[in-house]
Amino acid sequence: QVQVVESGGGLVQAGGSLRLSCAASGRTFSGYAMGWFRQAPGKEREFVAAITWSGGYEYFADSVKGRFTISRDNAKNRVYLQMNSLKPEDTAVYYCAADVQRFGTNYRANYWGQGTQVTVSS
């Protein structure tokens, strides 16, 4: 069992940057792939980024490639999402997820945080 709590959301102007942090608890954190998803108003939740348990592989949605980076610190049980060159269409509630699994181009997760709001103004 893993519990995750996000932080770092807020309001930023287009072109700006934000760093989201996810604190995880549970003894098996280092064994899980971790990731970030987001859900904009009126839209379904979508995959943003994921990182394997070792940090050796990273995956990104096409919409954020080249702008977002993901990293993890297993010693601190933390995962980070660095978001640069933010656009208004990045506005959403961002969710940290644990035990992320990839099925082709689809991603699922078994543990979810409560989300943190990111708003990008134009």
If you draw the axis of the six-membered ring of Y80, does the NZ or CZ of R72 fall within 45° of it and under 6.0 Å from the ring centre? no
Charged tip of R38 within 45° of Y95 ring normal and under 6.0 Å: no
Return the minimal non-hydrogen interatomic distance between [X] and [Y], and the atom names on each side.
X    : Y    : result
A14  : S122 : CB-CA, 4.3 Å
R78  : S21  : NH1-OG, 2.9 Å
M34  : C96  : CE-SG, 3.9 Å
A109 : V100 : CB-CG2, 4.0 Å

With side chains defined as the heavy atoms from C-beta onward, is the minimum distance between [X] and [Y] less than 4.5 Å?
X    : Y    : result
D73  : V79  : no
Y111 : Q3   : no
Q114 : V5   : no
T119 : V12  : no
L20  : E6   : no
F37  : W112 : yes

Rounded to the nearest 0.5 Å, how far apart are [atom1] of [X] and [atom2] of [Y]?
X    : Y    : atom1 : atom2 : result
N84  : T69  : CG    : OG1   : 6.5 Å
Q82  : S17  : CD    : OG    : 5.5 Å
F60  : I70  : CZ    : CD1   : 6.5 Å
N106 : Q101 : CG    : CD    : 12.5 Å
M83  : W36  : CE    : CH2   : 8.0 Å
D99  : R108 : CG    : CZ    : 12.5 Å

W53 CH2: over 12 foreign heavy atoms closer than 6.0 Å: no
Hey, can you tell me if Y94 and F68 have their rings parallel, tilted or perpendicular (30° and 60° cut-offs)? tilted
Can you tell me how the ring of Y107 sits relative to the ring of Y59, calling it parallel under 30°, perpendicular over 60° and tilted otherwise? tilted
Step-by-step salt bridge (charged side-chain N to carboxylate O under 4.0 Å, His left out) determination, R67 to D90: CA-CA 11 Å; R67 300 188 298 122; D90 294 318; 2.7 Å; yes
Check for me, please, whether [X] and [Y] land in the same ILVMFWY cluster - side-chain distances under 4.5 Å, paths through other members count.
X    : Y   : value
V4   : V93 : no
V2   : I51 : yes
V120 : V64 : yes

Between S121 and Q13, does any side-chain donor sit less than 3.5 Å from a side-chain acceptor? no
Would you confirm whether N74, through its side chain, and S54, through its main-chain N or O, come within 3.5 Å as a donor-acceptor pair? no
Apply side-chain contact (heavy atoms from CB on, under 4.5 Å) to the pair T91 and V118, showing each step before the final yes or no. CA-CA 5 Å; T91 295; V118 172; 6.0 Å; no
